[in-house]
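As the structure is a computational prediction, the values presented were derived from the model and not from experiment. Convention: sequence-line order gives letters A, B, ...; per-chain numbering from 1.
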Amino acid sequence: MKEKFTHKLGQWLLRRGKFTVCIIDDEEAFFTPEMVNIASRSGFDLIERHTSCDQNLLEDLIANPRDVLILDVKGIVAPPVAQDGLALAEYIYKHTPTYVALTSAHSFQMGEFHKNYDRLISDRFLTALDFVSVLNSILDDYLNRKASFYKRISLRVGTFIIRKSALASA
Amino acid sequence: MKEPAICATCTQKPCRSSTERQVYVCGWGVSYFREGREVFKAETPNPLRYLSQNLRHELSRVIAILVRDANEIDPSLRSDEILLSNPASRIIGAANILDNFIEMISGVHSLHPMAHTAGESATKTSLINIINKYFDTYSMINNQQRNRNLHLIIDQNVKHEIIYNKKAIEYIISALMDNAWKYAMENSTIVVETSEVSNGAVDLYFSNYGREIPEEIDIFEIGAQANKESEGFGLGLHWATVLVDYYNEGINSADNPLQLKHRQHPEENGVWVHTFELSNLRTQLDP
């Protein structure tokens with residue numbers, strides 16, 4: 001009962017901190033609804049999943065920057081919106097405070113673009129629990145490098161509580 | 001003739017030490033011949049890397065489907081741990097094998113250090129987890145040429161986390177484990193130990209019992225086989241050395257570079273102890 005309460009408190013704090021994640025990947029086998037579901041139960045319940053980025057979404061990402069953007073390199077965007085996922089990542093990285101994470105089956109293409117994103121997710125084949133670990137790691141890095149003060153407090157306390165309650169119930 | 005752009009990413013430069021006036025095709029799909037100090041190059045119409053990119057691109061989605069569906073059967077699965085008693089987890093293990101095989105066939109080019117300058121895997125990279133994972137994963141392949149029963153002993157001092165280029169180290173360890181399951185003696189033991197070097201770097205030792213490898217065979221050379229009945233094609237250890245080069249290029253360190261070495265010594269009854277040493281591996285102690 002106590003663990004359930006503390007878990008819910010942690011989730012409430014995460015929601016207060018409004019940690020928003022946007023995923024854009026054209027392959028539906030990656031970042032599946034089940035993975036997003038399980039991530040949501042772990043406290044990450046503001047996750048959007050898109051298969052492509054059109055002009056409307058791009059404008060929304062600029063006007064309402066998400067905390068984290070996870071992008072596939074290929075297949076998610078076309079001109080005139082952007083040349084490819086790398087170009088899209090570079091644009092968002094330079095024009096918003098969003099933490100940009102890239103994922104691709106062809107990571108060797110990304111070498112020369114290393115200044116235009118925050119993280120390369122090199123693990124390609126993630127299970128749902130792997131994905132939660134990735135999000136936790138990204139959240140920690142985001143809090144250290146890009147989060148505002150208020151967000152940092154709310155999210156740090158929220159994740160601390162959630163992780164503690166997860167350990168207690170394990 | 002303009003040099004192919006891909007040559008800029010090649011660290012080994014086999015073309016420079018090739019036999020003069022003989023035409024070769026390198027792993028990048030560049031055909032060349034050398035005259036004195038000059039190397040003349042031209043790309044083949046369909047370089048190997050195009051084929052390997054295509055292979056990687058097409059098969060990645062298939063592997064993702066396997067992982068997705070295994071996860072649907074069991075939502076508690078993790079990819080960094082294989083539970084041999086769980087069929088869904090074994091599917092993840094098989095997907096890992098496929099992924100490593102694709103890397104090997106495509107020449108591990110996707111693991112070039114240029115691709116990883118932004119950072120590493122987001123998940124923890126415990127050395128023990130990697131060793132256990134690949135020991136269990138490669139135990140799943142059963143045929144007449146492979147062992148069915150090996151034991152793994154990891155020294156209690158192995159408590160390190162990989163802090164750089166986890167994918168390359170995973171591949172190297174997976175190649176060593178696959179080889180052990182192929183070539184070690186049945187019912188024998190693989191022992192993994194470490195010794196501290198400095199500033200967190202360690203030397204990692206994999207030892208197993210097997211047959212003697214003739215002195216004249218360089219097991220790290222592409223296509224090397226200790227005997228004609230070998231199940232392998234002599235690619236895994238060669239690509240491991242390519243990854244060692246990539247690793248060193250990424251850390252940009254002339255001092256204490258990562259090295260992969262092999263030595264063997266005889267024990268009783270015609271049995272030999274083979275030790276693979278991965279030295280100067282960058283790690284930190286698992287808290």
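Shown here is B:R16, whose CZ atom has no more than 12 heavy atoms of other residues, nucleotides or ligands within 6.0 Å. At most 12 non-hydrogen atoms from other residues, nucleotides or ligands lie less than 6.0 angstrom from CZ of A:F160.
Looking at B:I92, the atoms closer than 4.5 Å to chain A (heavy atoms on both sides) all sit in the side chain, from C-beta outward.
Remark: B:N71 CG to A:T32 OG1 distance equals 7.0 Å, nearest 0.5 Å. Note: B:R68 CZ to A:F125 CZ = 13.0 Å, rounded to the nearest 0.5 Å. The distance from the CD atom of A:E28 to the CD1 atom of B:I65 is 10.0 Å, given to the nearest 0.5 Å.
With hydrogens and angles left out, the side-chain atoms of A:D130 and B:S79 include a donor and acceptor closer than 3.5 Å. No hydrogens or angles considered: a donor-acceptor pair under 3.5 Å links the side chains of A:S133 and B:R78.
Nearest heavy atom pair, residue A:L129 against residue B:P75, reads CG-O, 3.9 Å.
Side chains of A:T127 and B:V67 form a contact here, defined as non-hydrogen atoms less than 4.5 Å apart.
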